[in-house]
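A short worksheet on the structure shown next.
Numbers here are sequence positions counted from 1.
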Amino acid sequence: MKIVTYEYDRDVQVGVISDDGKYVYPANKYANMYELIQESDFEELLSINRMALGGVPLDQVNQVKILAPLTHPRNDIICLGINYKSHDEELPDAYVPEKIVQRQVPVYFSKRVDRATDPDGIIDGHFNVVKELDYECELAVIIGKEAKNVEEKDAADYVFGYTIINDVTARDVQVAHKQWYFGKSLDTFAPMGPCIVTADEFPFPPALHLTCKVNGQLRQDSNTKYLVHGIPYIISELSKGMTLRAGTIIATGTPSGTGIGMNPPQFLKNGDVVECSIEGIGTLRNVVK
């Protein structure tokens, strides 16, 4: 199932997309996506889809606006750095002084998000302080219930679903500060969506085709099966040191094809259109301004 946060008639709601993709049915019981994740169950969501009551046609573009599924994340997004070998190999040494083959543990960092950027929303390039603006298409895992001391074999039980995140990055800021927090966390640097697809839609762990296009040009083309550290390992390791609450967002990393990895580098500029797509989830499209 595809679950969305959307605005209709000036009211922000959560709902279920119909199987044919033409309607969204409101889950009126829940005030926001966090409540839905914490309190709903699969059968209830399925019944919303089956009842098909009060559906709003998604082609009413002047009345329905799809928002980021978790518009205001309650915690920083947990991110995996350099979690595809191909991305590791394309990055200059200034960004990654130690390559993946020499490292046995994941690279974790956090991305601060005040308001996640909606599908078709604007990425503010902050070009007054940023000269090297980059994109990173990533599969994000949404935790479905409190996770503490989870074994890898049980990790699937803690996944509510998946969405797409563009981990927008100011490369020059990232390098200047010798760590990634500020360069990853400027306002609008977390486009998310267009929906959350419930975990039952994919085998676990999911092996999904992932692409990113800039102005229609294919830049990234890979598959989530190539994660260096897979989703079961990530959930297990993190949960053994911290409690993962329902609604926690984990961005699993990006493959090669980023702007910094091209020769010469090709960074985003005003007016560029970035389209991040993942099989079975959809396309997250944003314009740089």
Assess Lys145 against Tyr158: is NZ or CZ under 6.0 Å from the centre of the six-membered ring, and within 45 degrees of the ring's axis? yes
Measure from the side-chain N and O atoms of Ser18 to the backbone N and O of Tyr23, and report whether any donor-acceptor pair falls under 3.5 Å. yes
What distance separates Ser236 OG from His229 NE2, expressed to the nearest 0.5 Å? 13.0 Å
Would the number of heavy atoms belonging to other residues, nucleotides or ligands and lying under 6.0 Å from OH of Tyr226 be above 12? no
Would you call Lys213 and Glu275 a salt bridge, using N to O less than 4.0 angstrom? no
Can you find a pair of side-chain heavy atoms, one from Ile37 and one from Tyr30, that are under 4.5 Å apart? no
Compare every heavy atom of Pro232 with every heavy atom of Ala155, then report the nearest pair and how far apart it is. CB-CA, 3.7 Å
Quick check on Lys148: does its NZ atom have over 12 non-hydrogen neighbours (other residues, nucleotides or ligands) under 6.0 Å away? yes
Can you measure from CZ (Arg112) to CG (Asp76) and round to the nearest 0.5 angstrom? 6.0 Å
Hey, does Val173 have a side-chain heavy atom less than 4.5 Å from the side chain of Val130? yes
With a 4.0 Å cut-off on N to O distance, would you call Arg285 and Asp120 a salt bridge? yes
Are the side chains of Val288 and Asn270 in contact, using a 4.5 Å heavy-atom criterion? no
Residues in ring pair (Phe, Tyr, Trp, His ring centres under 6.0 Å) contact with Tyr135, at least two apart in sequence or another chain: none
Which one of Val150, Ile78, Asn75, Val141 satisfies the side chain to side chain contact (heavy atoms under 4.5 Å, CB included) criterion with Leu244? Ile78
Find out whether Asp88 and Val228 are in side-chain contact, i.e. whether some heavy atom of one side chain is under 4.5 Å from a heavy atom of the other. no
Report the C-alpha distance between Glu90 and Thr258 in whole Å, list the side-chain angles of each, state the deciding distance to 0.1 Å, and finish with yes or no for side chain to side chain donor-acceptor pair (under 3.5 Å). CA-CA 8 Å; Glu90 75 174 352; Thr258 57; 2.7 Å; yes
Are Lys111 and Asp167 within salt-bridge range, i.e. N to O under 4.0 Å? yes
Quick one: does Phe267's side chain get under 4.5 Å of Ile260's, heavy atoms only? yes
Any chain of hydrophobic side-chain contacts (each under 4.5 Å) joining Leu67 to Ile3? no
Under a 4.5 Å side-chain heavy-atom rule over Ile, Leu, Val, Met, Phe, Trp and Tyr, are Met242 and Ile143 clustered together? yes
Under 3.5 Å donor-acceptor, Glu138 side chain and Ile165 backbone: no
Just list the side-chain donor-acceptor pairs under 3.5 Å for residues 195-212, sequence neighbours left out, or say none.
{"from": "Thr198", "atom 1": "OG1", "to": "Met1", "atom 2": "N", "distance (Å)": "3.0"}
{"from": "Thr198", "atom 1": "OG1", "to": "Met1", "atom 2": "O", "distance (Å)": "3.4"}
{"from": "Thr198", "atom 1": "OG1", "to": "Asp200", "atom 2": "OD1", "distance (Å)": "2.6"}
{"from": "Glu201", "atom 1": "OE2", "to": "Met1", "atom 2": "N", "distance (Å)": "2.6"}
{"from": "His209", "atom 1": "NE2", "to": "Asp221", "atom 2": "OD1", "distance (Å)": "2.6"}

What residues, two or more places apart in sequence or in another chain, satisfy side chain to side chain donor-acceptor pair (under 3.5 Å) together with Thr224? none
Indicate yes or no for a side-chain donor-acceptor contact from Asp134 to the backbone of Gly259 under 3.5 Å, with no hydrogens or angles considered. yes
If hydrophobic clusters are built by linking Ile, Leu, Val, Met, Phe, Trp and Tyr wherever their side-chain heavy atoms come under 4.5 Å apart, do Leu238 and Leu139 end up in the same one? yes
Quick check: is Ile164 connected to Tyr84 through a chain of hydrophobic side chains (ILVMFWY, heavy atoms under 4.5 Å apart)? yes
For the side chain of Asn32 and the backbone of Tyr34, is there at least one donor-acceptor N/O pair under 3.5 Å apart? yes
Is there side-chain contact between Ile249 and Met192, with heavy atoms separated by less than 4.5 Å? yes
Atom pair CG (Asp118) and CG (Asn286), whose distance is rounded to the nearest 0.5 Å: 8.5 Å
Gln266-Arg219 side chain donor-acceptor pair, cut-off 3.5 Å: yes
One should read off an interatomic distance between Asn83 CG and Thr252 OG1, to the nearest 0.5 angstrom, of 6.5 Å
Between NZ on residue Lys29 and CD on residue Glu39, distance to nearest 0.5 Å: 7.0 Å
Tyr233 vs Pro106 side-chain heavy atoms within contact, under 4.5 Å: yes
Among Val273, Asn215, Val214, which residue meets the side chain to side chain contact (heavy atoms under 4.5 Å, CB included) test with Leu268? Val214
Check this for me, if you would: do Glu152 and Lys240 make a salt bridge, where the nitrogen-to-carboxylate-oxygen distance has to be below 4.0 angstrom? no
From Phe182, Trp180, Tyr181, residue fulfilling ring pair (Phe, Tyr, Trp, His ring centres under 6.0 Å) relative to Phe109: Trp180
Can you check side chain to side chain donor-acceptor pair (under 3.5 Å) on Lys184 and Thr169, steps first, answer last? CA-CA 5 Å; Lys184 296 276 190 176; Thr169 304; 2.9 Å; yes
Should the heavy atoms of other residues, nucleotides or ligands under 6.0 Å from NZ of Lys289 be counted, would the total exceed 12? no
Go through it in stages, so that I can follow the logic: the residues are Gln220 and Ser256, the test is side chain to side chain donor-acceptor pair (under 3.5 Å), and I'd like the CA-CA distance, side-chain angles, deciding distance and then a yes or no. CA-CA 6 Å; Gln220 294 183 284; Ser256 62; over 6 Å; no
So, does Thr117 use its side chain to make a donor-acceptor pair with the main chain of Thr188 at under 3.5 Å? yes
Working to the nearest 0.5 Å, report the span between CD1 of Ile123 and NE2 of His126. 10.0 Å
Can you see which heavy atom on Ala116 is nearest to which on Ala68, and at what distance? CB-CB, 3.7 Å
With a 4.5 Å cut-off on side-chain heavy atoms, are Val14 and Val4 touching? no
